[in-house]
Amino acid sequence: MSICTGAMLSGALIGNATAPQLWPRDTQLATLPSYSGSDLELTVNSTGTHWRLWSPEAEHAQVLLYASDRNTPAIDTLDMQRSDSGTWVASYPKQLYGKFYTFRVKHNGKWLDETPGVWAKATGTNGQRAAIVDLSTTNPEDWESDHGPALKSINDAVIYEMHHRDFSVHPSSGIVNKGKFLALTEPNTKTPQGLATGIEHLKELGITHVHILPSYDYNSVDESNLQINKYNWGYDPQNYNTPEGSYSTNPADPTARIKEMKQMVKALHDANIGVVMDVVYNHTAENDGSNFSLTAPDYYYRHRQDGSYSDASGCGNETASDRKQMSDFIVNSVKYWADEYHIDGFRFDLMAIHDTATMNRVAKELKTIRPDIFVYGEGWTAGDSPLPKEQRALKENVSAMPNIAVFSDDIRDAVKGHYSNAADRGFATGKPGMEETVKIGIVASTAHPQVDYSKGANSKFAYASSPRQIINYVSCHDDLCLTDKLAKSMPGTTEADRKRAARLAQTIVFTSQGTPFMFAGEEIFRNKKGVHNSYQSPDSINAIDWTLKSANADQMEYYKQLIKLRKEHPAFRMTETADVMRNLKFDNIKQPNLISYSLKNHANGDVWKEIKIVFNGNTEPVEVNIPRGNWIVIARDGKINASGMGSLKGGKVTVEPTSALILALEN
Ligand code: CA
């Protein structure tokens, strides 16, 4: 077993270009027949209960039936018969709702351990046995008419990344179902000071989508002993097609986690908030003991030349999306979540472990379900892979994946300092020399005549073919959160200084072309006590302390207005590179730590003719020349109001230290 730290997910480790030598068995596995039918593993219909397991190399296969989810002997064992395309089948002439089952296969003369299979859609405690459940009984009321917010483009989304436990577990949340899916269904929860928490807080903030950290069944939290309050991010997948039991009110009841996750989705949709799932198909928690290995040994993974598990995930193994049955698995699994749970978007962990062809299939198939489902991912790996570089879903290869977006580590590291060096500063914290990389972020890594990619700190070419392919951010669950990063890189400063730097950093993110993404709680200046890799830290590190909402009310107000500004003004959300080239003009500035640009021509149908944006990353005020005109002041000196706060005439204008100046011209 390996424990994934989840902390190596930030860099651009892309490996070497020479093709590695393959393990001979890997070449042979790729030739096994695949099965593309929709009846894999379990079907219940009028004739009874039917199983079809894909296990092409098995010598025998069995279904074991159980009356309960664990610690009881099998009530029956069914021998499976060989069938088409590497599958084995068995049937029982009754609908066995309420019962549990596992598979067992004989491989190389040896019976392997039991497994719920790879397609269990319901499980009991700790995901050990699959459950036979009528999914139509798990739907909330009005589920048929449920849908997420309609989007014209991914660029219209404002993404809020959260962990179920971080968000609700602190006593100040006022939420009853702490750390549960149901936390997001509770209306009108409040802090002790009477401010909104939970779903009301999200509505108040104005984000359009929550991105929930892994919510499929993962390995690290013991669902039979929840009172010990173990915490984990969940990057250790076990059952990909069933929700995590510890987020339900009763892990032993297979329907509870399904019903409660759907209720969460419904409550968010009713609030016009979409749900993005973080999916981790790139590796599994276990190696030989995973459900993949126990059904089709070796097939689902890539190996080194000596047959050991290749480890581009840094978590002990890497899956093989370049093999047909694994590629189909990923595609069908995301389709299942989109169909059954009405999920609105998917974030692919270490996406570059997957091949571009699979990712293109994912995006295409999801769009046939609903055209506004979007997909983004980490365009890097955490180690080298036998998959040739040109096939990897790297950010450098995103132009080959027109409907996929990637995280911009360019803007992230340039604005706040490098992720791997706590003391390193960025543009927003006074480090000179990052201007060109910030500009790469502003144009969403698309080609622009005024951006010199040779000066980029992380990327040397315009890798995105449109702003739809870029997710902009300055922090996420990985690495130091923004508050902690600022504390470590700005010693000797006041909290007020650091809040100001956070505002400037996020103003750059939220006004840039591309799609903005923020980490939950940044709007109230939450911290993680300096712990950069909090994947299994206790609640005392990870929980958001909601009393910060009144302590940092000014920060919350700034974020609200910033999000409102972005949502009201399509100029910040251009979808085509040609539009950005035509409408976004940088001013020729020689001074370090200063960027000035305009969004012109009522860009993207904006009511404003021109928006002037100046970022001053210096700790001193600077003077800039603003063109003639009567400008509405939108942001100045660490304050912002999307509806304007007075006006100023063109001419020499002072931009205060560590702040953004945003001005708008109506005609
Ligand atoms: Ca679990």
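Residue numbers run from 1 in the order of the sequence given. In what follows, every heavy atom counts, from backbone to side chain, and hydrogens, waters and symmetry copies are set aside. Counting starts at 1 for both ligands and their atoms, in listed order.
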*Name of whichever N/O/S atom of Glu223 is nearest to the Ca ion (ligand 1)*: OE2
*Passes salt bridge (charged side-chain N to carboxylate O under 4.0 Å, His left out), Asp384 versus Arg392? Steps please.*
CA-CA 11 Å; Asp384 207 355; Arg392 298 182 199 170; 3.0 Å; yes
*Among Asn241, Asn291, Leu53, find the one that has a side-chain contact (heavy atoms from CB on, under 4.5 Å) with Val118.*
Asn291
*Only one of Thr284, Asp26, Asp311 forms a side chain to side chain donor-acceptor pair (under 3.5 Å) with Tyr301, so which one is it?*
Thr284
_Can you tell me which N/O/S atom of Glu244 has the shortest distance to the Ca ion (ligand 1)?_
OE1
*Tell me which N, O or S atom of Asp217 sits nearest to the Ca ion (ligand 1).*
OD1
*Could you tell me whether a side-chain N or O of Asn126 sits under 3.5 Å from a main-chain N or O of Glu223, the two making a donor and an acceptor?*
yes
*Measuring to the Ca ion (ligand 1), does Tyr218 have an N/O/S atom at a distance below 3.0 Å?*
yes
